[in-house]
2 protein chains.
Amino acid sequence: MSDLCDFPRLLARQGVKATALRLAVLEVLGAATQALRAQEILEMIRARRRVNKVSVYRILDDFTRRGILRRLAVDDRASLYELACEHHPPHPHFQCRQCGQVQCLDPAPLSRMWAELQGPLGNRADRIDIRVAGICHKCREIAEN
Amino acid sequence: MSDLCDFPRLLARQGVKATALRLAVLEVLGAATQALRAQEILEMIRARRRVNKVSVYRILDDFTRRGILRRLAVDDRASLYELACEHHPPHPHFQCRQCGQVQCLDPAPLSRMWAELQGPLGNRADRIDIRVAGICHKCREIAEN
DNA sequence: TATCCAAAATCAACTTAGTTGCAAATATAA
DNA sequence: TTATATTTGCAACTAAGTTGATTTTGGATA
Ligand SMILES: [Mn+2]
Ligand SMILES: [Mn+2]
Ligand SMILES: [Zn+2]
Ligand SMILES: [Zn+2]
């Protein structure tokens, strides 16, 4: 999702050491054009160095709790991760039910939605996930030919 | 989510036989006040009769593909199931990050959202899932005392 | 520079949630 | 009744993630 962020600084602000592995996780996600599964992140890091999957899972978990990453629950069994820095505000996603691809959508409709759902039934809401499902552009082209 | 539906007729319309097990799955979900995990459905059926988990998973899967049920992807590893009949139109959900409880919210905001997200980027959207997360009513009370 | 320490990473083993292939049972048709 | 199709059950397997214990490492201290 672009490399606009200064990852070492981002980690410093959170009070965590910028280890090679933590930076590798952020760099993989920073270079990605869409949200990635833990397995994909692991493989991409393994293209460059040796890593244990447990370390990656623990880093993803920690980053998600700290708000450095967002974890997206999708229909598949594995969840997806994306950067949650200021350059990537929360936004809806589109998942194709044919190919499974998950695209990031424009954040605008989400902010309009916010007021509607804020604090219903006495709950204190602090996050909205929107997932739009259907058939993507590409899959429609394939089906039409 | 209430027993307003005539399950045998619902199944007949879908061209599937109304077997005892299929009806048991629908009755459990019809009586539930919130969406249930496969494991919970299994246990509730087992309180009355002997069943194999595979049969339940296969029924849940088949019903979801037919649109009799909706499968909700949540942050936990197991997904949730709810009836998708005319008495339970699609709606947003609220999940508490403390206790994990998932509540069904009012369908209204979802229909307002629909127009906004329909067919972005050339995709053909046919479903919107909205999940609101935060701290629920109950958990807030506990925290305040 | 050597030694110590806490944080980070690794390893093997385990768990959870679901899946697969095939066999047995049950229902329906001929 | 016999044949056929559908449904359910059983055992074994898989994918994704988790746990607890151990080893490694990057600094701080002496
Ligand atoms: Mn995204
Ligand atoms: Mn619901
Ligand atoms: Zn597609
Ligand atoms: Zn709660």
Q: Output the residues of residues 37-44 of chain A in contact with DNA chain D, where contact means a heavy atom of the residue under 4.0 Å from an atom of the strand; sort by number or write none.
A: A/Arg37, A/Ala38

[X] [atom1] - [N] [atom2] separation (whole Å):
| X | N | atom1 | atom2 | value |
| --- | --- | --- | --- | --- |
| B/Leu36 | C/dA17 | CG | P | 14 Å |
| B/Arg65 | C/dT19 | CZ | P | 10 Å |
| B/Asp62 | D/dT8 | CG | P | 10 Å |
| A/Leu80 | D/dG17 | CG | P | 10 Å |
| B/Tyr57 | D/dT14 | OH | P | 18 Å |
| A/Asp76 | C/dT19 | CG | C1' | 15 Å |

Q) Got more than 12 heavy atoms from elsewhere within 6.0 Å of CZ, B/Arg127? A) yes

Q. Above 12 or not: heavy atoms from other molecules or residues under 6.0 Å from CZ of A/Arg66?
A. yes

Cationic N near anionic O, under 4.0 Å, [X] to [Y]:
| X | Y | result |
| --- | --- | --- |
| B/Asp61 | B/Arg71 | yes |
| B/Arg37 | B/Asp76 | no |
| A/Arg124 | A/Asp126 | no |

**Q.** Passing option when B/His93 is tested against B/Gln103, B/Glu82, B/Arg131 for side-chain hydrogen bond (donor to acceptor under 3.5 Å, both in side chains)
**A.** B/Glu82

**Q.** Gap between atom CG of A/Leu72 and atom CG of A/Leu69 - 0.5 Å precision
**A.** 10.0 Å

Q.
When you compare the side chain of B/Arg50 with that of B/Arg46, does any pair of heavy atoms fall below 4.5 Å?
A. no

Look for any protein N or O under 3.5 Å of an N or O in nucleotides 6-15 of chain C and output each such pair with its distance, or none.
unit_1: C/dA8; atom_1: OP1; unit_2: A/Arg22; atom_2: NH1; d: 2.7
unit_1: C/dA8; atom_1: OP1; unit_2: A/Arg22; atom_2: NH2; d: 3.1
unit_1: C/dA9; atom_1: OP1; unit_2: A/Thr19; atom_2: OG1; d: 2.8
unit_1: C/dT10; atom_1: OP2; unit_2: A/Asn52; atom_2: N; d: 3.2
unit_1: C/dT10; atom_1: OP2; unit_2: A/Ser55; atom_2: OG; d: 2.8
unit_1: C/dT10; atom_1: O4; unit_2: A/Arg58; atom_2: NH2; d: 2.2
unit_1: C/dC11; atom_1: OP1; unit_2: A/Arg50; atom_2: NH2; d: 2.5

